[in-house]
2 protein chains.
Amino acid sequence: MENTEDVRPKRRGPAPLDAFDRRILAALAADADRSYAALGETVGLSPPAVHERVKRLKRSGVIRDTVARLDGTAVGKPLTAFVHVEAAGWGKSERLMQIARFPEVEELHSVAGDASVILKVRMENPQALEFLLGQIHSLPGVRGTRSYIALSTYLDRPVQAEVTTDWPNVPLPPE
Amino acid sequence: MENTEDVRPKRRGPAPLDAFDRRILAALAADADRSYAALGETVGLSPPAVHERVKRLKRSGVIRDTVARLDGTAVGKPLTAFVHVEAAGWGKSERLMQIARFPEVEELHSVAGDASVILKVRMENPQALEFLLGQIHSLPGVRGTRSYIALSTYLDRPVQAEVTTDWPNVPLPPE
DNA sequence: TTTTCTGCCGAATAGTATTCGGCAAGAATG
DNA sequence: CATTCTTGCCGAATACTATTCGGCAGAAAA
């Protein structure tokens with residue numbers, strides 16, 4: 001006989017995140033400094049069990065990475081702004097990607113809407129923003145930009161593990 | 001005698017971040033999982049020295065927190081969007097702040113420009129976005145909204161420690 | 001029902017984080 | 001300038017965690 005290779009793998013694709021995973025993710029997205037013992041305490045698992053799950057979540061890419069979030073003002077960049085770039089032809093010219101090399105640029109998305117690209121930038125001062133806009137305008141195919149300068153930031157947090165499921169009902173989730 | 005309390009404290013305010021601090025911050029903003037030994041290796045300090053600096057940077061608030069960054073799609077929210085809210089009177093009505101309770105809302109800024117408030121949201125699907133917009137429109141003083149749906153995200157990173165200082169010169173920083 | 005697989009736990013081990021004492025360089029003091 | 005004081009570093013010692021391991025139990029497959 002041959003064909004002994006018929007055994008299909010049991011399950012393909014990432015296991016769909018059970019309640020423990022969700023709690024672990026929620027906790028880590030809020031504070032990744034806690035020990036596995038403390039984590040296990042809050043989610044209801046032993047330290048090794050939490051460890052194994054976190055390891056799996058990292059390998060599978062659910063946890064992209066763990067980072068320190070810095071205070072923009074403290075590092076010398078108190079000015080946050082969103083820059084909408086209207087590009088001709090089709091947004092994502094390779095050149096436009098180049099401005100991602102500036103450490104001031106934190107996000108870069110191509111979007112649907114009356115802007116082709118949206119940037120989130122954090123600058124030292126208005127003049128620096130002016131220079132950056134100059135850089136952007138010098139790129140080929142850039143028709144114009146529109147900047148929105150943040151006056152106050154009321155919320156700035158990473159991707160949350162929770163998902164609102166009962167949209168039509170709740171007017172506002174409880175505190 | 002009295003007035004022996006004349007001795008002014010040597011230095012007020014946060015020390016201004018030397019080169020070591022910068023390197024530590026840059027490293028931690030990229031990957032907070034490394035050991036102090038590994039960090040010390042790359043920045044040129046002993047593990048205890050790095051530890052002490054990190055502790056100080058956290059206490060002083062330069063390092064706001066350390067978080068795990070999750071994959072939006074993996075947690076069930078593949079749709080990223082920026083929502084501009086045009087509010088009457090003055091943007092920051094207390095009520096508007098309430099929508100920050102939805103775990104889908106990641107950022108909330110008041111801005112200068114032809115929008116009063118900008119939200120960054122991550123939704124399960126377009127319908128969920130529709131519901132959220134409904135919530136926003138139901139708030140008093142909201143004149144309208146404009147949504148920009150992210151098609152591709154080319155860059156999404158935390159505040160970088162580096163600051164570009166020679167703006168007028170460089171056309172683009174080297175790789 | 002039996003077998004297999006998965007994921008948990010407690011205990012053991014390995015590896016860090018953290019503390020401590022001493023030292024050296026720069027700043028303040030006289 | 002000499003002296004004192006302060007700051008921040010290092011190496012070694014300690015305490016605490018992460019990580020590994022063996023065994024077990026429940027669910028899924030056979």
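From a predicted model like this one, the values you see are computed outputs, not experimental measurements. What you see below is based on every heavy atom in this structure, not just the backbone, and it leaves out hydrogens, waters and symmetry mates. Numbered from 1 within each chain, the chains take letters A, B, ... in sequence-line order.
Within residues 35-50 of chain A, the residues that place at least one heavy atom under 4.0 Å from DNA chain C are, in residue-number order, L45(A), S46(A), P48(A), A49(A).
Taking K77(A) as the reference, nothing meets the side chain to side chain donor-acceptor pair (under 3.5 Å) condition, with sequence neighbours excluded. Taking K55(B) as the reference, nothing meets the side chain to side chain donor-acceptor pair (under 3.5 Å) condition, with sequence neighbours excluded. By the salt bridge (Lys or Arg N to Asp or Glu O under 4.0 Å) test, E124(A) is found to be paired with no residue, residues two or more places apart in sequence or in another chain being considered. Residues satisfying the ring pair (Phe, Tyr, Trp, His ring centres under 6.0 Å) criterion with Y36(B), sequence neighbours excluded, are H51(B). A search for side chain to side chain donor-acceptor pair (under 3.5 Å) contacts involving R53(B) returns D18(B), D21(B), not counting sequence neighbours. Applying the side chain to side chain donor-acceptor pair (under 3.5 Å) test to T145(B) and every residue at least two apart in sequence or in another chain returns H137(B).
Contacts classified as ring pair (Phe, Tyr, Trp, His ring centres under 6.0 Å) and involving residues 105-129 of chain B (residues at least two apart or in different chains) are given here: F82(A)-H109(B).
Distance NE2 (H51(A)) to P (dG7(C)): 16 Å, rounded to an integer number of Å. Here the C1' atom of nucleotide dT18(C) and the CZ atom of R53(B) are 17 Å apart, to the nearest Å. Distance CZ (R56(A)) to P (dT6(C)): 12 Å, rounded to an integer number of Å. For the pair I24(B) CD1 and dC9(D) C1', the interatomic distance rounds to 12 Å; values are reported in whole Å. For E52(B) and dT7(D), the CD to P distance is 11 Å, given to the nearest whole Å. In this entry the distance linking CG of D18(A) with P of dT6(C) reads 15 Å, nearest Å. Spacing between atom NZ of K58(A) and atom P of dT19(D) amounts to 8 Å, rounded to whole angstrom units. Regarding K55(A), its NZ atom lies at a distance of 8 Å from the C1' atom of dT19(D), rounded to whole Å.
Rounded to 10 degrees, the angle separating the terminal helix axes of the helix from dT1(C)-dA30(D) to dG30(C)-dC1(D), each built from five base pairs, is 40°.
Nearest heavy-atom pair, Q135(B) versus W167(A), reported as atom, atom and distance to 0.1 Å: NE2-O, 4.1 Å.
Taken together through direct or relayed side-chain contacts under 4.5 Å among Ile, Leu, Val, Met, Phe, Trp and Tyr, V67(A) and V50(B) form parts of separate hydrophobic clusters.
Taking side-chain N and O atoms only, R34(B) has no distance below 4.0 Å to OP1 or OP2 of dT16(C).
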